[in-house]
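Here's the structure, in structure tokens; my notes come after.
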Amino acid sequence: MQYDAFIGQVQATAALPGRGAAKRAVHAVLRTLAERLPDGTARHLFAQLPADLAAEVEGAEGPGAETLKGGPAAERFDLPTFSGRVAWRSGVSEDVATRYVSAVFEVLDAAVAPELMDKVRAALPRDIGQLLPSARVDDPSE
């Protein structure tokens, strides 16, 4: 999937008014997700994203930057903390941030290998994992 298509799909899925809001949502969710995932899983995820998007998110400063550059990862936190970090990074309420997370997860699910999304789901606590598309959450192999 190309960068513009990724951002456009998040914009449409989250019913955002413009590309700027969609870009902020994507960056906030991906940075927070990188903090929550084990290092190898985060790096594999970013390797499957559009190169422009991965470079933008990886180049950002602040919390989570070291994770994307091969540093420590897999902080333990739940959905309220996840949504709170996305809200803080994107300048929206936690309810809106949760909508952003769902939209970005849906687009990620279509953009990367199913096996990788299975690893992402397995690395997340159930409350965050429930925001993944229902086909992933209702996986009969669980």
Side-chain angles (χ1 to χ4, degrees), residues 1-16 19-142:
M1 179 178 296
Q2 298 296 318
Y3 176 88
D4 288 334
F6 193 99
I7 299 297
Q9 285 186 18
V10 169
Q11 180 182 351
T13 302
L16 296 172
R19 292 185 62 77
K23 189 175 172 180
R24 281 190 301 279
V26 168
H27 285 220
V29 172
L30 292 178
R31 290 298 297 271
T32 305
L33 185 60
E35 292 170 348
R36 185 60 182 82
L37 293 175
D39 182 44
T41 304
R43 282 188 279 128
H44 284 119
L45 179 65
F46 276 76
Q48 289 192 20
L49 293 177
D52 298 0
L53 177 58
E56 280 181 8
V57 176
E58 289 174 343
E61 296 299 321
E66 64 282 349
T67 301
L68 303 173
K69 296 172 182 161
E75 284 183 60
R76 298 282 182 203
F77 52 83
D78 57 7
L79 180 58
T81 303
F82 195 101
S83 294
R85 290 183 186 194
V86 171
W88 174 77
R89 287 184 166 122
S90 55
V92 298
S93 71
E94 287 188 29
D95 289 338
V96 172
T98 302
R99 191 177 82 218
Y100 287 3
V101 174
S102 293
V104 172
F105 280 4
E106 185 173 326
V107 177
L108 273 177
D109 189 59
V112 303
E115 302 81 23
L116 180 56
M117 286 308 293
D118 289 341
K119 288 181 182 179
V120 168
R121 181 178 55 86
L124 295 173
R126 186 171 260 316
D127 60 349
I128 298 172
Q130 287 179 341
L131 296 178
L132 288 165
S134 62
R136 295 268 178 237
V137 174
D138 297 333
D139 185 352
S141 65
E142 259 188 275

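What you see is a predicted model, and the numbers here were worked out from it, not measured in a lab.
A donor-acceptor distance shorter than 3.5 angstrom exists from the side chain of Asp127 to the backbone of Leu79, with no hydrogens or angles considered. Of the possible polar contacts, none joining the Thr41 side chain to the Leu37 backbone as a donor-acceptor pair under 3.5 Å is found.
Screening Val112, Val107, Leu53 against Met1 for a side chain to side chain contact (heavy atoms under 4.5 Å, CB included) leaves a single residue, Val107.
A pairwise comparison of heavy atoms in Phe6 and Ala111 identifies CE1-CB, 4.0 Å as the closest pair. Minimum interatomic distance between Ser83 and Thr98 (heavy atoms only, all atoms of both residues): OG-OG1, 2.9 Å. Ala25 and Val104 make their closest contact through O-CG2, 4.2 Å (heavy atoms, listed as atom of the first residue, atom of the second, distance). Of all heavy-atom pairs between Ala54 and Phe46, the closest is CB-O, 3.5 Å.
Side chains of Leu49 and Leu108 form a contact here, defined as non-hydrogen atoms less than 4.5 Å apart. At least one side-chain heavy atom of Glu35 sits less than 4.5 Å from a side-chain heavy atom of Phe77. Inter-residue side-chain proximity for Val86 and Val96 is flagged as unmet; no heavy-atom pair is nearer than 4.5 Å. Side-chain contact between Phe105 and Val29: present, with at least one pair of heavy atoms (C-beta onward) separated by less than 4.5 Å. Contact annotation: the side chain of His27 never approaches that of Arg89 to less than 4.5 Å [non-hydrogen atoms, C-beta and beyond].
Scored by the salt bridge (charged side-chain N to carboxylate O under 4.0 Å, His left out) test, Lys23 finds Glu56 as partners (sequence neighbours excluded). Applying the side-chain contact (heavy atoms from CB on, under 4.5 Å) test to Ser102 and every residue at least two apart in sequence or in another chain returns Leu131.
Between Glu115 and Arg121, no side-chain nitrogen of the basic residue sits less than 4.0 Å from a carboxylate oxygen of the acidic one, so the salt-bridge criterion is not met. Ion pairing between a basic and an acidic side chain is recognised when a charged N comes within 4.0 Å of a carboxylate O; Arg99 and Asp95 show no such pairing. Note on Glu94 versus Arg85: no salt bridge recorded, every NZ/NE/NH1/NH2 to OD/OE distance being 4.0 Å or above.
Stacking of Arg36 on the aromatic ring of Phe82 is not recorded, the 6.0 Å distance cut-off and the 45° axial limit not both being met.
Rounding to the nearest 0.5 Å gives a distance of 11.5 Å between CD of Gln9 and CG of Asp4. Distance check, rounded to the nearest 0.5 Å: CG of Leu45 to CE of Met117 gives 7.0 Å.
Counting heavy-atom neighbours within 6.0 Å of Gln2 CD, excluding the residue itself, gives a total of 12 or less.
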